[in-house]
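For reference, the structure discussed in these notes is given below.
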Amino acid sequence: MTALGKLYQEIDQRGQAALATGQEELDPNLLPGAHDTRLRLTLLGRLPAHVCRNIEFYLQALAQLAPDQYYYPAADMHVTVMDLLAAWPDQQISPATFARAPLALPGTGGEPWGNHGQGLL
């Protein structure tokens, strides 16, 4: 097993143990009335429409089994590629930092890039 696989297995084991003992922790930033001051800059990839339709077909079937679960609408489906800027409470981010964000994606010039999800079914 890879180091990343081991890490995810450990995270899962800790989470399962916390749920089994009633010691799960809620994110205080997401509680009703909380003021979430975290900022994040994330690189997302949009999925082609035909892929979203295929996923949505399976999500509809899954919703019959777990109707209280949230399911992304097709218009919101995406793949999170990576965090360019991690989310920390009360983090101060200058306009200059955001101005440099397109530099993290050479050749894009800040414009959406043209990967069309070739090979996705």
Side-chain angles (χ1 to χ4, degrees):
M1 179 180 291
T2 66
L4 185 58
K6 288 179 184 176
L7 173 63
Y8 284 133
Q9 185 178 37
E10 291 170 12
I11 291 170
D12 181 59
Q13 289 171 346
R14 284 194 311 265
Q16 292 292 334
L19 286 171
T21 60
Q23 296 178 351
E24 65 274 1
E25 295 179 21
L26 300 176
D27 183 341
N29 293 295
L30 302 179
L31 295 175
H35 179 66
D36 190 352
T37 62
R38 297 173 296 177
L39 297 173
R40 164 174 267 152
L41 182 59
T42 303
L43 175 61
L44 301 177
R46 294 285 175 195
L47 299 169
H50 72 281
V51 172
C52 291
R53 281 191 304 272
N54 289 342
I55 292 171
E56 195 167 38
F57 173 76
Y58 288 102
L59 290 179
Q60 288 172 359
L62 187 58
Q64 298 299 312
L65 300 172
D68 294 331
Q69 177 65 40
Y70 173 79
Y71 300 96
Y72 275 97
D76 294 341
M77 287 186 194
H78 64 274
V79 174
T80 300
V81 178
M82 68 182 293
D83 288 333
L84 299 173
L85 187 62
W88 297 103
D90 300 315
Q91 181 171 268
Q92 299 296 315
I93 302 172
S94 71
T97 299
F98 279 110
R100 289 193 309 268
L103 300 177
L105 304 170
T108 65
E111 298 298 320
W113 29 291
N115 184 326
H116 298 286
Q118 294 178 348
L120 295 175
L121 300 176

Heavy-atom pair with the smallest gap, counting every atom of [X] and [Y]:
X	Y	answer
Leu59	Met77	CD1-CE, 3.7 Å
Ala75	Arg46	O-NH1, 3.8 Å
Tyr72	His78	OH-CE1, 3.8 Å
Gly5	Thr2	N-OG1, 2.9 Å
Val81	Leu44	CG2-C, 4.3 Å
Cys52	Ala74	SG-O, 3.7 Å

For residues 26-39, which residue pairs qualify under side chain to side chain donor-acceptor pair (under 3.5 Å), counting only residues two or more places apart or in two chains? Asp27-Asn29, Asp27-Arg38, Asp36-Arg38, Thr37-Asp90
Return the set of residues passing side chain to side chain contact (heavy atoms under 4.5 Å, CB included) with [X] (not counting sequence neighbours), or none when no residue passes.
X	answer
Thr21	Gln23
Ala61	none
Leu26	Leu31
Asp12	Gln16

Is there a path of hydrophobic side-chain contacts, each under 4.5 Å between heavy atoms, that joins [X] and [Y]?
X	Y	result
Tyr70	Phe57	no
Leu7	Met1	no
Val79	Tyr71	yes

Does any pair with a residue in residues 54-78 pass salt bridge (charged side-chain N to carboxylate O under 4.0 Å, His left out), and if so which ones, sequence neighbours excluded? none
Around atom CD of Glu25, are there more than 12 heavy atoms from other residues, nucleotides or ligands closer than 6.0 Å? no
In Å and rounded to the nearest 0.5 Å, what is the CD1 to CZ distance from Ile55 to Arg53? 11.5 Å
